[in-house]
Amino acid sequence: MSKVRVRFAPSPTGFLHIGGARTALFNWLFARNQGGTFILRIEDTDEVRSSEESVGAILRGLSWLGLDWDEGPTAYTERQLEPGAKWQEDSGKGIYMPYYQMNAFREGIYKKPADQLLNEGKAYHCYCTPEELESMRTRAMLAKRPPKYDGRCRDLTDALRKEHEAKGRKPVVRFKTPVEGTTHFEDIVRGHVSFENSLLDDFVLLKTSGIPTYQFAVVIDDHRMKITHVIRGDDHLSNTPRQVLIMEALGWGDFARGLKFAHLSMILGPDGTRLSKRHGATSVEEYQKQGYLPEAMVNYLALLGWSTEDSQQLFKIDDLIQKFSLERCGKSAAIFDPVKLLWMNGEYIRALSKPELAQRCLPFLKEAGLAASGEITPYLESCVALEQEKIKLLTDVPRLVDFLIRDDFVFDEKSVEKVLKVPGAIGLLMEIAGKMRTLSEFTAASTEKLCRDYAAEKGLKAGAVFHPVRVATSGRTQGPSLFHYLEVLGKEKCLARIDKTCATLAVH
RNA sequence: GCUCCCGUCGUCUAGCGGUCUAGGACGCUGCCCUUUCAAGGCAGAGAUCAGGGGUUCAAAUCCCCUCGGGAGCACCA
C-alpha cells in the first residue's frame, strides 16, 4: 500500500471561503490520520480571475486555521511578501514542483501529454469561434437537447484546417470523448459511481492560449504529484468521469484505477441554498476578524459532514486527527449554523489558560486602544480573566473590560437612576468607602465580608449594598463578579471611584 | 431541458433488518445555583425517520415510484 498523498487545490479567484476551508481541513485530517502527505497546489490557470491577492488570502487563511502543508508554496508565515513581489516567484517546497499550475505551464508540463493525445488521435484541434459555439448551444437548447459541443471539428480536412489558419484562427485542443461505453470510479463517500460517456461532449483540454483547462491540468498534476486520494466538494462529482477518461487515454489506466475519490457534501447557507455573500460572513478571514478562535472553527467545520458513532462534539486536534475517517463522511448537504459555531467558540475560549486567553485578545485590545503598552500586562491579564466565562467572541473583550482599564468610563444612565439616585445611596457608599479605607488586605474575600457585615448590621439585603458599590465603581449593573473585580481594580482605584461618584451625585 | 447526487427533531447528526416507545449536540422553555450577566446542574418541548407502494415474521434501515432540495452540462475552476 503506497503512502497516502492528498491535495487541496484552490483556484486563487477569491478569499478562502468556508467551503474551501472545509475541503482543505478534510484533506489535512485524512493525511495526518494516515501519516500521509498533504499538498497545496494553486490552480491559477484562469488568466483573468486569478489574483496575487487571492493567493495571499488563501495561504493566510490556511495558516490561521493551522492547516500546514508538506508540499506546495512556501508557507505564509515563513515568507512575507515584499512589495511588488509575486507569490508565484516562490520556489516552494516539495519534490514535484512547481505547485503553481501557471509555472508548470511555462515549463511545458501540459504540452507533452496534449501532444501525445493529438498524435494518437485521441484529441484534435477545433477552430470554432465563441460565436459559433454560442449559436450551437442556443440551437441545442431550443431543440431541448443538452447544450453540448457537436464535434464538428473532429475530422477536419487539411484544406479546411489551412483555411482556418489562413484566417488567423487559433485552435483549441479538444478531447475525443468516446461516444459509447460507461466510465466507472470508486468514491469513498458515494460508493460506486458510473456515467454514460454519450452524455459527455468533446471538452477543451488546451485553450487557444495553450493554457490547460481545469479538467486537463488537474489530471496531469494529480498524476505528476502521485496523488492517491482526491477529496473535494461534490460539485466536482460530474467532472470526475471526464478526468478518468483523460487518464485512460493517456495510458494511465492503472493510476486511474488506483485513485480513490471522496466527494464531500456541500455546505449551504441557512436558507438551504449555496453559501454566498448574502448569508453574511463566508471567508475564514472574516471569522478571524470577528474574534473566532481557529481551533473552534476547525472543530465546527469537522462536524459539517463528518461525525463519530457517539456524536462527540468537542475534539482536541489530536483527537480529531486520530478519529477522522473518510468512511464516516455523510452524503447529504449541511447547512452552516453560525449559532452553533458561536457556542463552540465560547467553549474553546473557556478552555484557554488565562495567559493564553489574554494573548489572543491582544490584537483586539490594541485596536480598541486598551493596551497602551502594546503588550499584555499582568493587570490586563487579570481583567480579561474576570470575563472569561462570558466571552463568546474575542471582539467582545474590549467592551467587557473597558471600565477596568479606563477611569473615564461612561455611566449607564438607567443603572444610575435605578441604583444610585435613590434615598440613602450616597450615605451608604460613603460609609462603605470609610470601612474599606481601613482594610489592610483588599481582596475579594475581605471586601465581600465587609459588605455582608455592613448589610447585616443595617438589616439590609446583601444586594442592596452590592448593587450601589457595583454601579459606583463600574458605571453599570452588569459585569463580572463584584468582589473579584474590586480586588483586581485595587483599593486605591475603588475608593477613588466611589468618592468621585458620591461627589458627582451630591452636586445634582 | 438533460444527467448525476441527496432527503432522520428548526439546525448539525447517531442509526447500517429486531436492543428505536429513534440517541447525542446547538438552539428553545422551565427550575436550581447566584450581587448582575454569564457559566454550570437538572428537567422538558421538539422527528408518524419527505410521501406512497412493495420485500420480510420484523424496515428509519433492502427494492421501486413520486415529490422536494442540490450540483454539473464554459476556451471558469
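All values below come from the heavy atoms of this structure, side chains included, with hydrogens, waters and symmetry mates left out. Within every chain, numbering begins at 1; the chains are lettered A, B, ... in the order of the sequence lines, protein sequences first and strands thereafter.
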Please check the phosphate of [N] (OP1 and OP2 only) for any side-chain N or O of [X] closer than 4.0 Å.
{"X": "A/Lys148", "N": "B/rA74", "value": "no"}
{"X": "A/Ser265", "N": "B/rG70", "value": "no"}
{"X": "A/Arg242", "N": "B/rA74", "value": "no"}
{"X": "A/Thr208", "N": "B/rC75", "value": "no"}
{"X": "A/Lys340", "N": "B/rG24", "value": "no"}

In whole Å, what is the span from the [atom1] atom of [X] to the [atom2] atom of [N]?
{"X": "A/Asn197", "N": "B/rU3", "atom1": "CG", "atom2": "P", "result": "16 Å"}
{"X": "A/Phe336", "N": "B/rC26", "atom1": "CZ", "atom2": "P", "result": "17 Å"}
{"X": "A/Phe315", "N": "B/rU13", "atom1": "CZ", "atom2": "C1'", "result": "11 Å"}
{"X": "A/Met266", "N": "B/rC12", "atom1": "CE", "atom2": "P", "result": "15 Å"}
{"X": "A/Asn299", "N": "B/rC26", "atom1": "CG", "atom2": "P", "result": "13 Å"}
{"X": "A/Asp234", "N": "B/rA77", "atom1": "CG", "atom2": "P", "result": "20 Å"}
{"X": "A/Met344", "N": "B/rA25", "atom1": "CE", "atom2": "C1'", "result": "8 Å"}
{"X": "A/Leu142", "N": "B/rC2", "atom1": "CG", "atom2": "P", "result": "15 Å"}

Salt-bridge contact [X]-[Y] (side-chain N to carboxylate O under 4.0 Å):
{"X": "A/Arg190", "Y": "A/Asp234", "answer": "yes"}
{"X": "A/Lys414", "Y": "A/Glu417", "answer": "no"}
{"X": "A/Asp201", "Y": "A/Arg174", "answer": "no"}
{"X": "A/Arg274", "Y": "A/Asp235", "answer": "yes"}
{"X": "A/Asp115", "Y": "A/Lys112", "answer": "no"}
{"X": "A/Lys207", "Y": "A/Glu47", "answer": "yes"}

Partner of [N] by Watson-Crick or G-U wobble geometry, both contacts under 3.5 Å, or none?
{"N": "B/rA71", "answer": "B/rU3"}
{"N": "B/rA47", "answer": "none"}
{"N": "B/rG27", "answer": "none"}
{"N": "B/rG40", "answer": "B/rC32"}
{"N": "B/rU19", "answer": "none"}
{"N": "B/rU56", "answer": "none"}

Base, sugar-phosphate, or nothing for [X], non-hydrogen atoms under 4.0 angstrom?
{"X": "A/Gln313", "result": "base"}
{"X": "A/Thr13", "result": "nothing"}
{"X": "A/Ser311", "result": "base"}
{"X": "A/Cys128", "result": "base"}
{"X": "A/Gln388", "result": "nothing"}
{"X": "A/Gly305", "result": "sugar-phosphate"}
{"X": "A/Asn239", "result": "base"}
{"X": "A/Arg328", "result": "sugar-phosphate"}
{"X": "A/Arg137", "result": "sugar-phosphate"}
{"X": "A/Phe203", "result": "nothing"}

[atom1]-based separation of [M] from [N] [nearest Å]:
{"N": "B/rU8", "M": "B/rC16", "atom1": "C1'", "answer": "14 Å"}
{"N": "B/rA60", "M": "B/rC6", "atom1": "C1'", "answer": "16 Å"}
{"N": "B/rG15", "M": "B/rC20", "atom1": "C1'", "answer": "9 Å"}
{"N": "B/rG17", "M": "B/rU55", "atom1": "C1'", "answer": "11 Å"}
{"N": "B/rG23", "M": "B/rC49", "atom1": "P", "answer": "14 Å"}
{"N": "B/rG7", "M": "B/rU21", "atom1": "P", "answer": "23 Å"}
{"N": "B/rG1", "M": "B/rA58", "atom1": "P", "answer": "40 Å"}
{"N": "B/rA47", "M": "B/rC5", "atom1": "P", "answer": "31 Å"}

Within the 6.0 Å centroid threshold, strictly below: [X] and [Y]:
{"X": "A/Phe336", "Y": "A/Tyr300", "result": "yes"}
{"X": "A/His184", "Y": "A/His192", "result": "yes"}
{"X": "A/Phe203", "Y": "A/Phe175", "result": "yes"}

query = Nearest nucleotide by nearest heavy atom, which residue falls closer to the 5' end of RNA chain B, A/Val193 or A/Thr273?
reply = A/Val193
message = I want to confirm an ordering. Mapping A/Leu341 and A/Tyr300 to their closest nucleotides on RNA chain B, which one lands closer to the 5' end?
response = A/Tyr300
Nucleotide nearest [X] when distance is taken to its side chain, options [options]:
{"X": "A/Lys331", "options": "B/rC6, B/rG72, B/rA74", "result": "B/rC6"}
{"X": "A/Asp235", "options": "B/rG23, B/rA71, B/rU11", "result": "B/rA71"}
{"X": "A/Arg274", "options": "B/rG27, B/rC4, B/rG72", "result": "B/rG72"}

query = Going by heavy atoms in the side chains, are A/His229 and A/Ile188 under 4.5 Å from each other?
reply = yes
key: Base-contact (B) and sugar-phosphate-only (S) positions in nucleotides 28-46 of chain B, heavy-atom cut-off under 4.0 Å, - elsewhere   = -------BBBBSS------
request  = Would you jot down, in residue-number order, the residues of residues 169-178 of chain A having a non-hydrogen atom under 4.0 Å from RNA chain B?
outcome  = A/Val172, A/Arg174
key: Side-chain donor/acceptor contact of A/Arg49 with base of B/rC76 under 3.5 Å   = yes
query = Shortest non-hydrogen contact from A/Met436 to A/Ile498?
reply = SD-CD1, 4.2 Å
Ring geometry between A/His164 and A/Tyr127 (parallel below 30°, tilted from 30 to 60°, perpendicular above 60°) = parallel
request  = If the plane angle is over 60° it's perpendicular, under 30° parallel, otherwise tilted; pick one for A/Phe409 and A/Phe411.
outcome  = tilted
remark   = Residues pairing under side-chain hydrogen bond (donor to acceptor under 3.5 Å, both in side chains) where one sits in residues 393-406 of chain A, two or more places apart or in two chains, turn out to be A/Asp396-A/Arg399, A/Arg406-A/Asp408
